[in-house]
Amino acid sequence: MEIGLGKNGRRAYELDEIGIVPARRTRDPEEVSIAWQIDAYRFEMPLVASPMDSVSSPETAVALGRHGGLGVLDLEGLWTRYEDPEPLLAEIRELGDEAATERLQAIYAEPIKEELIGRRIEEIRSAGVVAAARLSPQRTAQYHKAVLDAGVDLFVIRGTTVSAEHVSGRAEPLNLKQFIYDLDVPVVVGGCATYTAALHLMRTGAAGVLVGFGGGAGHTTRSVLGVAVPMASAVGDVAAARRDYLDESGGRYVHVIADGGMTGSGDIAKALACGADAVMVGSPLARAAEAPGGGYHWGSEAHHGELPRGERVHVGTVGDLAAILDGPAHAGDGSMNLLGALRRTMATAGYSDLKEFQRVEVVVNPHR
């Protein structure tokens, strides 16, 4: 599309601009499988908790793991900076909106402690669930040994945007391909939002790529940086990269995980319909009674020391984690029984598992 005489742009679509089309055959929701597997790890639900302090603590990661999902702990968050972050979480919940960002910056200025990295990962592993932890690309080289020594199962390298060809004149950038090759654990890396960027990340040997940036409830990346790619189109583009890389590599399948911008069960279903293997969500799980944020939600971008690109937002509490995942729901807005809704969507469309469901027909809905 022509934006001006000197600039063209491709039309892209948000999740709320598309709809899933039912097929001629329907199924019983109880006969639908929503399980997925990455590397050696199988999960009974395609739900990954965002590595945000308002969502993922060691306790909530264990709870989600026991429900069949995957929690990812932020190793640059409060749990690796403080022995007991609970008083600080309580303070963050009580902050006024005007003071929140500055106080968050001060709280997160406390140095990360390597001994706490190992302790938190061990807390999750000792509960018998898959231990997944996140570092930013900037801190991966510094702390990855502590992460591996602690026995992490899945390593997540997550930033606003992560490229396989970062250029810096100030420091030697992380060589993703060499780094991943040297590790003995599967790595998930992102975000990215284009076919080319995703293909390059897949060529590094990553087991999965995260799709999206700037679309989460607590992010202001769109307004601060002007960076935004609508999620439906981003997932579709990265799914195409996965398909082409499968041919290029002779059969290596890289998992696509939609990350952010999904506020309810319908968004989750549509992200999977566009080609995602799983979804990484924040605000839907921040509404759980067990969530560390206590009804508030924020990510690492909210306390950036130089250029915050997020904010603390109030999302409220709708129920406990079990009800949000499996119901019963007492709200009709898609905030509860996320998994029951997904099964019903797939059953209505006539598909029995997630891989098949990626082929479902979708339409563009002009009435947002």
Side-chain angles (χ1 to χ4, degrees), residues 41 43-94 104 107-108 110 112-135 143 146-147 150-156 158 188 216-218 278-300 302-303 312 314-327 335-336 338-339:
Y41 304 106
F43 303 96
E44 296 307 313
M45 65 178 79
L47 207 63
V48 183
S50 291
M52 297 176 168
D53 280 346
S54 56
V55 177
S56 295
S57 67
E59 292 77 13
T60 60
V62 170
L64 185 60
R66 288 174 174 166
H67 278 285
L70 176 65
V72 182
L73 187 69
D74 183 8
L75 296 180
E76 299 173 27
L78 296 178
W79 276 269
T80 58
R81 297 175 190 265
Y82 297 92
E83 288 276 351
D84 180 13
E86 293 301 333
L88 293 163
L89 288 165
E91 180 187 350
I92 292 170
R93 292 193 288 265
E94 298 299 323
L104 282 170
I107 289 172
Y108 283 90
E110 179 74 14
I112 296 168
K113 300 171 180 62
E114 285 198 20
E115 64 270 19
L116 287 178
I117 289 177
R119 191 187 308 173
R120 302 312 186 196
I121 293 173
E122 177 55 31
E123 287 176 27
I124 299 171
R125 290 188 76 244
S126 63
V129 302
V130 176
R134 170 262 178 187
L135 286 172
Y143 293 116
V147 178
V152 76
D153 296 309
L154 279 168
F155 190 17
V156 178
R158 181 179 186 259
V188 175
V279 297
M280 177 177 276
V281 296
S283 61
L285 300 180
R287 299 189 186 109
E290 301 92 328
Y296 285 89
H297 182 45
W298 66 93
S300 59
H303 53 77
R312 186 205 60 168
H314 185 255
V315 295
T317 300
V318 299
D320 62 21
L321 180 63
I324 287 175
L325 295 175
D326 293 308
S335 62
M336 303 184 75
L338 302 178
L339 305 178

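The two residues Gly69 and Met45 make their nearest non-hydrogen contact at CA-CG, 3.5 Å. Nearest heavy-atom pair, Ala286 versus Val55, reported as atom, atom and distance to 0.1 Å: CB-CG2, 4.0 Å. Residue Ala49 comes nearest to Leu285 through the heavy atom pair CB-CD1, 3.6 Å, listed as atom of the first residue, atom of the second, then distance. Of all heavy-atom pairs between Ala150 and Arg125, the closest is O-CD, 3.5 Å. Ala288 approaches Asp320 most closely through the heavy-atom pair CB-C, 4.4 Å. The two residues Ser335 and Arg287 make their nearest non-hydrogen contact at CB-NH1, 4.2 Å.
Between the CG atom in Leu325 and the NE2 atom in His67 there is a gap of 6.0 Å [rounded to 0.5 Å]. From Arg158, atom CZ reaches atom CG of Leu135 across 12.5 Å, with rounding to the nearest 0.5 Å. Here Leu338 contributes atom CG and Asp326 contributes atom CG; the two are 9.0 Å apart, rounded to the nearest 0.5 Å. A distance of 6.0 Å separates OH in Tyr41 from CG in Leu154, rounded to the nearest 0.5 Å.
Between Trp79 and Leu116 the shortest side-chain heavy-atom distance does not fall below 4.5 Å. For the pair Val129 and Leu64, the minimum side-chain heavy-atom distance is 4.5 Å or more. Counting heavy atoms from C-beta on, the side chains of Ile112 and Tyr143 come closer than 4.5 Å. Counting heavy atoms from C-beta outward, Leu47 and Leu70 have side chains that stay 4.5 Å or more apart. Contact check for Glu59 versus Glu290: no side-chain heavy atoms found under the 4.5 Å cut-off. Annotation: side chain of Leu321 is not in contact with side chain of Thr60 (no heavy-atom distance under 4.5 Å). Within the 4.5 Å cutoff, the side chain of Pro292 has no heavy atoms near those of the Met52 side chain. Side-chain contact between Val48 and Val188 is absent, with no heavy-atom pair separated by less than 4.5 Å.
A donor-acceptor pair is defined here as one N or O able to donate and one able to accept, closer than 3.5 Å; such a pair exists between the side chain of Ser56 and the backbone of Val72. Remark: side-chain polar atoms of Thr80 are paired, donor with acceptor, to backbone N or O of Leu75 under 3.5 angstrom. Looking only at distances, a side-chain donor or acceptor of Arg81 sits under 3.5 Å from a matching main-chain atom of Tyr108.
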Requested in this report: List the steps, then state whether side-chain contact (heavy atoms from CB on, under 4.5 Å) holds for Ile92 with Asp53.
Outcome: CA-CA 11 Å; Ile92 292 170; Asp53 280 346; over 6 Å; no
Requested in this report: Go through the steps for Arg134 and Glu76 under the test side-chain contact (heavy atoms from CB on, under 4.5 Å), then give the verdict.
Outcome: CA-CA 8 Å; Arg134 170 262 178 187; Glu76 299 173 27; 3.8 Å; yes
Report task. Quick one: do Glu83 and Arg119 satisfy side-chain contact (heavy atoms from CB on, under 4.5 Å)? Show the steps, please. Result -> CA-CA 10 Å; Glu83 288 276 351; Arg119 191 187 308 173; 2.7 Å; yes
Requested in this report: Evaluate side-chain contact (heavy atoms from CB on, under 4.5 Å) for Ser54 paired with Trp298, printing each intermediate quantity in order.
Outcome: CA-CA 6 Å; Ser54 56; Trp298 66 93; 3.7 Å; yes
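A salt bridge links Arg120 with Glu123: the distance from a Lys NZ or Arg NE/NH1/NH2 to an Asp or Glu carboxylate oxygen falls below 4.0 Å.
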